[in-house]
Amino acid sequence: GCPFCAYIETSSTSSFAVDRPDLLEQWDNRKNKGIDPHSIPVSYAHKVYWRCPIEHRHSWQASVRDRANNNSGCPICANQVVHIDNCLATVNPKLAKLWHPTLNGALTPYDVTAQSITRVHFQCPRYPAHTWNVTLASKPTDCPKCLAVRHDKKTSLKALYPKVAK
């Protein structure tokens with residue numbers, strides 16, 4: 001078959017820049033110095049740099065072929081890569097303060113996205129013996145042991161029917 005139609009070679013009518021102008025807008029000219037998007041095919045397998053169309057500080061590497069075939073976007077915005085913009089410490093500093101100081105090993109709130117499926121340990125600020133282990137994707141908010149005690153006090157027989165509880 002034709003190497004131009006198969007996106008193996010480039011021409012004035014067939015190149016990455018011509019065939020995918022939508023992705024060309026995300027091409028990082030500064031970091032891709034020496035690589036002309038008009039002289040590479042859409043099937044170009046080497047990794048190049050891209051800039052996020054939403055948050056221009058986000059930069060990542062991916063091949064032209066992968067971006068063109070998979071229509072993948074910014075891995076930072078998609079929470080596939082940890083960055084200061086999507087880490088737990090930035091997104092949910094209140095929860096990050098509950099991070100257990102030793103049970104997470106070397107892992108810190110800066111090392112996980114706020115929606116991570118990694119299981120991590122937290123410690124109650126009022127009662128340090130209260131610890132719990134959850135994924136951040138489960139959207140933890142507060143010490144579950146303290147929440148249960150508060151809930152029990154509000155919904156106990158004594159709270160709801162004091163005359164009956166005597």
Side-chain angles (χ1 to χ4, degrees), residues 1-125 131-144 147:
C2 174
F4 299 104
C5 294
Y7 301 112
I8 297 169
E9 293 189 25
T10 61
S11 70
S12 61
T13 59
S14 178
S15 71
F16 162 67
V18 171
D19 297 331
R20 291 303 303 266
D22 57 321
L23 292 178
L24 183 60
E25 293 175 12
Q26 297 173 33
W27 182 265
D28 192 329
N29 286 313
R30 187 177 56 79
K31 289 185 177 179
N32 291 322
K33 253 189 179 129
I35 305 172
D36 180 4
H38 295 274
S39 67
I40 59 173
V42 173
S43 62
Y44 191 67
H46 299 284
K47 288 186 176 186
V48 295
Y49 286 93
W50 305 94
R51 287 184 47 185
C52 178
I54 298 164
E55 177 51 70
H56 296 291
R57 295 179 309 148
H58 296 175
S59 177
W60 75 98
Q61 284 187 294
S63 72
V64 172
R65 179 182 60 202
D66 287 348
R67 293 283 330 269
N69 290 341
N70 301 331
N71 251 350
S72 58
C74 175
I76 298 165
C77 289
N79 292 312
Q80 297 168 336
V81 174
V82 181
H83 184 273
I84 191 66
D85 290 345
N86 67 0
C87 72
L88 178 64
T90 301
V91 174
N92 194 340
K94 181 181 172 190
L95 183 61
K97 287 180 182 177
L98 304 179
W99 192 264
H100 196 283
T102 59
L103 294 179
N104 293 303
L107 204 62
T108 74
Y110 292 95
D111 300 324
V112 293
T113 65
Q115 292 83 27
S116 174
I117 59 169
T118 303
R119 293 190 76 79
V120 295
H121 297 269
F122 293 100
Q123 183 176 42
C124 178
T131 63
W132 65 102
N133 177 280
V134 292
T135 67
L136 295 169
S138 69
K139 305 207 182 303
T141 56
D142 208 347
C143 173
L147 286 174

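Counting from 1, the numbers follow the sequence of the chain as shown. FYI, side chains are in, hydrogens and waters are out, and symmetry mates aren't considered; it's all heavy atoms of this structure.
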Mind checking whether [X] and [Y] have side chains closer than 4.5 Å, heavy atoms only?
| X | Y | answer |
| --- | --- | --- |
| Val82 | Asp111 | no |
| Asn133 | Arg119 | yes |
| Cys143 | Phe122 | no |
| Tyr49 | Ile35 | no |
| Trp60 | Ile76 | no |
| Pro140 | Leu95 | yes |
| Lys97 | Pro125 | no |
| Ser116 | Thr135 | no |

Plane angle bin for Phe16 and Trp50 - parallel if under 30°, tilted between 30 and 60°, otherwise perpendicular: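 If you compare the ring of Trp50 with that of Phe16, the planes turn out perpendicular.
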What distance separates Leu147 CG from Thr141 OG1, expressed to the nearest 0.5 Å?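 One finds 5.5 Å between CG of Leu147 and OG1 of Thr141.
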What distance do Arg30 atom CZ and Arg51 atom CZ have between them, rounded to the nearest 0.5 Å?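 The distance works out to 7.5 Å.
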Donor-acceptor contact below 3.5 Å, side chain [X] vs main chain [Y]:
| X | Y | value |
| --- | --- | --- |
| Arg67 | Leu23 | no |
| Thr90 | Asp85 | no |
| Asn104 | Leu107 | no |
| Asn79 | Ala114 | no |
| Asp66 | Ser63 | no |
| Asn32 | Asp28 | yes |

If you look at every heavy atom in [X] and [Y], which pair is closest and at what distance?
| X | Y | answer |
| --- | --- | --- |
| Ile117 | Ala137 | CG2-CB, 4.1 Å |
| Pro37 | Ser15 | O-OG, 3.9 Å |
| Cys52 | Cys77 | SG-SG, 3.6 Å |
| Leu24 | Ala17 | CD2-CB, 3.8 Å |
| His58 | Cys74 | ND1-SG, 3.5 Å |

I would like to know whether His46 and Val48 meet side chain to side chain contact (heavy atoms under 4.5 Å, CB included); could you show each step before the answer? CA-CA 6 Å; His46 299 284; Val48 295; 5.6 Å; no
